[in-house]
Colleague: 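Please find one structure pasted underneath; my questions will follow.
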Amino acid sequence: MPDAISLRTAAKSGEAKASSRATLADPRRATRLVLAIFLGPALLVYCGLTAYPAFRTIYDSFFTIEGMDATFVGLANYRDLMGDETFWVAVRNTFIWSFVAPVIDVATGLLLALALYAGVPFARFLRVAWFTPVLLSYVVVAILWMWIYNYDWGVLNVMLRAVGLGELASSWLGDPNLALAAVIVTHAWKWAGFNMVVCLAAIHSLPKEVLEASDLDNCGWGAKLRYIIVPMLRPTLLSLYILSFIGKMKVFDLVWIMTQGGPLWATETVSTYVYKRAFNWNTFDLGYPSAIATVWFLVVCAAVIILNRVLGSRERLEY
């Protein structure tokens, strides 16, 4: 009898320990204390560095803030914003960035990925070389391309003059008609490698049977790209486009280093304009730039929702 009782006790103890381990391993069975211990630090960081600044910006947009003095003005900042011509120029430039540049980024990355997938010579070297700009900081990239765009001794103009196209040499960052395109090309050069890696991984994950069947049917690369590869990569390309769109809606550093929004506001973006109104123009008012940031936050959220609905496929592609 004692042996039987001790066995039952040991069995119950083992079951209790196993249940305890299962409770700790399964987050659905975790106690509130355990959840608080693990989620608490992350929530504190999120609230302190993301949620609070966002809500404080919205709150400040209803005030005129000069130093430590805040005067409630209601919607006055938003009314002034509607008549701000510089703001609308910045909005136009930012929308051009956000809708046109992602197409260039994703298309370039896809073409580079296809080149590597097709087995171009020196593929290993090219894979590293094309991805290297992603690892460079915006400061390095901006300075490098400012040298390339230099009118007198920049590589681009020197090459144009060397091949007899000197009349095309321009002050790429000094011409209001060319500055925005020049900065967009620089940004595309930096991020093409990232899109290349993602697209290359997606291509290698495609079903081999479909690609082999297209080869047996003598399907050329153009037709294969248009009717097989791109439709199958549509979710990946859409995700890359949306990520690139979000990043370019808040682009700041590259523009600020290369042009600071000039010449004549040709490359001004909403982010650079907010910075200028808050810290660079000595207006000593943080309420108005807070209103700009609040409006742009809502615009970005609405644009992402619309893009997901318009570009997202309702039918899930399975293979």
Side-chain angles (χ1 to χ4, degrees), residues 32-33 35-99 101-102 137-139 142 183 187 242-262 265 267-309:
R32 293 183 179 180
L33 178 60
L35 292 176
I37 292 174
F38 282 95
L39 295 180
L43 289 176
L44 287 176
V45 173
Y46 174 79
C47 292
L49 300 181
T50 302
Y52 173 75
F55 285 110
R56 184 56 189 263
T57 299
I58 297 173
Y59 175 80
D60 289 345
S61 66
F62 298 102
F63 292 83
T64 296
I65 303 174
E66 298 178 353
M68 300 298 294
D69 299 328
T71 305
F72 181 76
V73 294
L75 298 176
N77 288 327
Y78 293 95
R79 288 194 296 268
D80 295 340
L81 185 61
M82 294 300 103
D84 190 341
E85 295 182 2
T86 306
F87 169 73
W88 291 111
V89 172
V91 170
R92 181 199 65 192
N93 293 336
T94 307
F95 272 126
I96 293 175
W97 263 85
S98 302
F99 285 100
S137 69
Y138 274 114
V139 176
V183 180
H187 199 277
I242 293 177
L243 288 174
S244 181
F245 174 85
I246 295 173
K248 288 170 177 55
M249 287 285 277
K250 55 183 181 180
V251 63
F252 170 80
D253 31 22
L254 187 67
V255 177
W256 187 257
I257 298 170
M258 296 186 71
T259 64
Q260 293 191 1
W265 298 285
T267 59
E268 193 79 74
T269 65
V270 174
S271 298
T272 59
Y273 186 53
V274 169
Y275 179 83
K276 288 180 178 179
R277 291 302 300 254
F279 307 109
N280 204 42
W281 284 11
N282 296 325
T283 55
F284 303 106
D285 177 21
L286 295 179
Y288 188 74
S290 296
I292 300 176
T294 300
V295 169
W296 200 241
F297 170 75
L298 297 176
V299 170
V300 172
C301 292
V304 171
I305 293 174
I306 293 173
L307 276 178
N308 273 308
R309 290 185 176 274

Colleague: Please list all pairs meeting salt bridge (Lys or Arg N to Asp or Glu O under 4.0 Å) that have one or both residues in residues 80-96, counting only residues at least two apart or in different chains.
Modeller: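 Sorted result for residues 80-96: D84-R277.
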Colleague: Between W88 and M82 (side chain of the first, backbone of the second, donor and acceptor by atom type, cut-off under 3.5 Å), is there such a pair?
Modeller: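 Answer holds: yes.
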Colleague: Check the side chains of S244 and K248 for a donor-acceptor pair under 3.5 angstrom, ignoring hydrogens and angles.
Modeller: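 Yes.
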Colleague: Do you know which two heavy atoms are closest between G48 and P53, and how far apart they sit?
Modeller: O-CD, 3.5 Å
Colleague: Of all the heavy-atom pairs spanning T294 and T57, show the shortest one and how long it is.
Modeller: OG1-O, 3.8 Å
Colleague: Rounded at 0.5 Å granularity, tell me how far CZ in F297 sits from CE in M249.
Modeller: 12.0 Å
Colleague: Which heavy atom in W97 sits nearest to a heavy atom in P102, and how many Å separate them?
Modeller: O-CD, 3.1 Å
Colleague: Quick one: list whatever passes side chain to side chain donor-acceptor pair (under 3.5 Å) with D60, sequence neighbours left out.
Modeller: R56
Colleague: Quick one: side chains of residues 35-47, donor-acceptor pairs under 3.5 Å with protein atoms, not counting sequence neighbours, listed by atom name and distance.
Modeller:
none

Colleague: Considering residues at least two apart in sequence or located in another chain, which fulfil the ring-ring contact (aromatic ring centres under 6.0 Å, His included) criterion with W256?
Modeller: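 Expected list: F252, Y275.
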Colleague: Quick check against the 3.5 Å criterion: does N77 have a side-chain atom that pairs as donor or acceptor with the backbone of F63?
Modeller: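 It does hold such a pair.
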Colleague: Could you pull out the closest heavy-atom pair between I292 and F87, with the gap in Å?
Modeller: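 So the minimum-distance heavy-atom pair works out to CG2-CE1, 3.7 Å.
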Colleague: S290 side chain to L286 main-chain N or O, any donor-acceptor pair under 3.5 Å?
Modeller: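 Yes; judged by distance alone, with no hydrogens or angles, the pair exists.
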Colleague: For the backbone of G287 and the side chain of S61, can you confirm whether one donor and one acceptor N or O come within less than 3.5 Å of each other?
Modeller: no
Colleague: F62: what forms a ring-ring contact (aromatic ring centres under 6.0 Å, His included) with it, not counting sequence neighbours?
Modeller: Y78
Colleague: Are there over 12 heavy-atom neighbours, none belonging to F99, within less than 6.0 Å of that residue's CZ?
Modeller: yes
Colleague: Just by modelled atom types, is the G262 backbone N or O under 3.5 Å from a matching donor or acceptor in the T267 side chain?
Modeller: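 Present.
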Colleague: Applying salt bridge (Lys or Arg N to Asp or Glu O under 4.0 Å), which residue pairs with at least one partner in residues 281-297 are found, sequence neighbours left out?
Modeller: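 Qualifying pairs, neighbours excluded: none.
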Colleague: For the side chain of T269 and the backbone of V251, is there at least one donor-acceptor N/O pair under 3.5 Å apart?
Modeller: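 Such a contact is found between T269 side chain and V251 backbone.
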Colleague: Is there a donor-acceptor contact under 3.5 Å from the side chain of K276 to the main chain of Q260?
Modeller: yes
Colleague: Provide the closest heavy-atom pair for A291 versus L81 in the form atom of the first, atom of the second, distance.
Modeller: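 Where A291 meets L81 most closely, the heavy atoms are O-CD2, 4.2 Å.
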Colleague: Quick one: closest heavy-atom pair of W296 and V270, and the distance?
Modeller: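 What the structure gives for the nearest pair is CG-CG1, 3.7 Å.
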Colleague: Checking V255 against Y138 for the side-chain contact (heavy atoms from CB on, under 4.5 Å) test, could you report, in this order, the C-alpha distance in whole Å, the side-chain angles of both residues, the deciding distance, and whether it holds?
Modeller: CA-CA 10 Å; V255 177; Y138 274 114; over 6 Å; no
